[in-house]
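Here's the structure, in C-alpha cells; my notes come after.
Note on naming: letters A, B, ... go to the chains in the order of the sequence lines (proteins, then strands), and numbering restarts at 1 for each one. This is a predicted model, so every value here is computed, not measured.
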Amino acid sequence: GAVVSQHPSRVICKSGTSVKIECRSLDFQATTMFWYRQFPKKSLMLMATSNEGSKATYEQGVEKDKFLINHASLTLSTLTVTSAHPEDSSFYICSVENWDTQYFGPGTRLTVL
Amino acid sequence: AQKVTQAQTEISVVEKEDVTLDCVYETRDTTYYLFWYKQPPSGELVFLIRRNSFDEQNEISGRYSWNFQKSTSSFNFTITASQVVDSAVYFCALGSGTGSYQLTFGKGTKLSVIP
C-alpha cells in the first residue's frame, strides 16, 4: 500500500484569502498524485493529476489559476486555493498511486467564511 | 465514457445481518480495474479491494466478499454478519486500462448498521 498524509486536516479562512494544502507520501516516492474534492454527501470528483517536476493536468471545468498545484518532490504535492470564496468550501482529498491502486490521504476540510 | 452506478443510496441493517452493496459499471475498455473503498465518518477513504478485468474469481476476506461478473458488468460487495463499525459510505470505482488512473467513482452507498 501507501501511507498518505495531508495537512492541515481542517482550515477555516476568510473570503479572499489563499489556503495551501499539503499532501505527503510517507513511505513511497510518488511521481503522480491526484487531487479530489468532495461536497457533502456527494462522490469524489477528480480535480487534477499532479506530476512531479511538470505541470499538473486539470480536469475539465477546474480553474488552473484558482487551484494551483505544485509537485516539487516525489513525496510532496501542494494544492493552493487562491482567493477562496464560500463556494470553495469542501473536503479536499489527495491520493497516490502504487501498484495500480490509489491510496488516499485523510482529507482537508476547508471552510471559507 | 466510463460510468459507475451504485443504485442504493442508503441501506440500514440490524447488526449481524448480511448486506450486499451493488455496483454496476460501464466501460469500453477491454482491460480495466474495479475497486471498493470505505469512507467512515472521519472522511478518510480506506482501500478494500482491487479487481482486474481478466480475473473474475470471487474473493473473500474475513466477513467481506466480492462477486465480480463481467457478463452483467457488476462488482457487488457483501458484508456478512455486519457490525456497527461497518457503518460508512462505500464507494465502488472503475479505473482505466492503465491502472487506477482516472478513477471514476460511483455516488456511494451509505450503510448504517444498527445495534
**Study point:** Region of A/Ile93 in contact with chain B, defined by heavy-atom distances below 4.5 Å
**Key:** side chain
Point to revise | Inter- and intrachain pairs under disulfide bond (SG atoms under 2.5 Å apart), touching residues 59-113 of chain A, at least two apart | key: A/Cys23-A/Cys94
Check your understanding: When heavy-atom pairs shorter than 4.5 Å are enumerated against chain B, which of A/Ser9, A/Gly105, A/Gly107 gives the highest number?
Key -> A/Gly105
Revision key, fill the gap. If one checks every heavy atom of B/Phe105 against chain A at 4.5 Å, the contacting part turns out to be both
Check your understanding: Is there a chain of hydrophobic side chains (I, L, V, M, F, W, Y, each step under 4.5 Å between heavy atoms) that links B/Tyr90 to B/Ile11?
Key -> yes
Review point. Hey, quick one: are A/Phe104 and A/Leu110 part of the same hydrophobic cluster, counting side-chain heavy atoms closer than 4.5 Å, chains of contacts allowed?
Key: no
Exercise for review: Tell me, for B/Gln6 versus chain A, whether the close heavy atoms (under 4.5 Å) come from the side chain, the backbone, both or neither.
Suggested key: neither
Study note, to complete from the structure: Minimal heavy-atom distance between B/Phe35 and A/Asp100, with the atoms involved, is CZ-O, 3.3 Å
Point to revise | Residues, nucleotides or ligands: over 12 heavy atoms within 6.0 Å of A/Lys66 NZ | key: yes
Point to revise | Any side-chain heavy-atom pair of A/Tyr36 and B/Leu103 under 4.5 Å | key: yes
**Study point:** Winner by heavy-atom pair count (cut-off under 4.5 Å) against chain A, out of B/Thr9, B/Leu45, B/Thr104
**Key:** B/Leu45
Review point. Is it true that A/Met47 and A/Ile21 fall in one hydrophobic cluster, defined by side-chain heavy atoms closer than 4.5 Å?
Key: yes
Point to revise | Point-to-point distance, once rounded to the nearest 0.5 Å, from OG1 of A/Thr101 to CD1 of B/Ile49 | key: 10.0 Å
Practice item. Considering only heavy atoms, give the residues of residues 51-82 of chain B separated from chain A by less than 4.5 Å, sorted numerically, with 'none' for an empty result. Key: none
Exercise for review: Answer yes if A/Ile69 and A/Leu76 sit in the same cluster of Ile, Leu, Val, Met, Phe, Trp and Tyr residues linked by side chain heavy atoms under 4.5 Å apart, and no otherwise.
Suggested key: no
Study note, to complete from the structure: Turns out that what part of A/Gln6 lies under 4.5 Å from chain B's heavy atoms comes down to neither
Exercise for review: Kindly give the heavy-atom pair with the smallest separation between A/Gln102 and B/Tyr37, and that separation in Å.
Suggested key: O-OH, 2.6 Å
Review point. Hey, does the side chain of A/Arg109 reach the backbone of B/Gly43 with a donor-acceptor pair shorter than 3.5 angstrom?
Key: no
Practice item. Following the transitive rule for hydrophobic clusters with a side-chain heavy-atom cut-off under 4.5 Å over Ile, Leu, Val, Met, Phe, Trp and Tyr, establish whether A/Tyr103 and A/Trp35 coincide in one cluster. Key: no
Check your understanding: Any idea which of B/Ser42, B/Gly108, B/Gly106 has the most non-hydrogen atom pairs under 4.5 angstrom with chain A?
Key -> B/Gly106
Study note, to complete from the structure: A/Phe91 and B/Gln39 have their tightest heavy-atom pair at CE2-NE2, 4.0 Å
Point to revise | Side chain / backbone / both / neither for A/Thr49 at chain B, heavy atoms under 4.5 Å | key: side chain
Point to revise | Point-to-point distance, once rounded to the nearest 0.5 Å, from CG of A/Leu44 to CZ of B/Phe91 | key: 5.5 Å
Exercise for review: Identify the heavy atoms of A/Ser43 and B/Lys107 that sit nearest to each other, and give their distance.
Suggested key: CB-CA, 3.8 Å
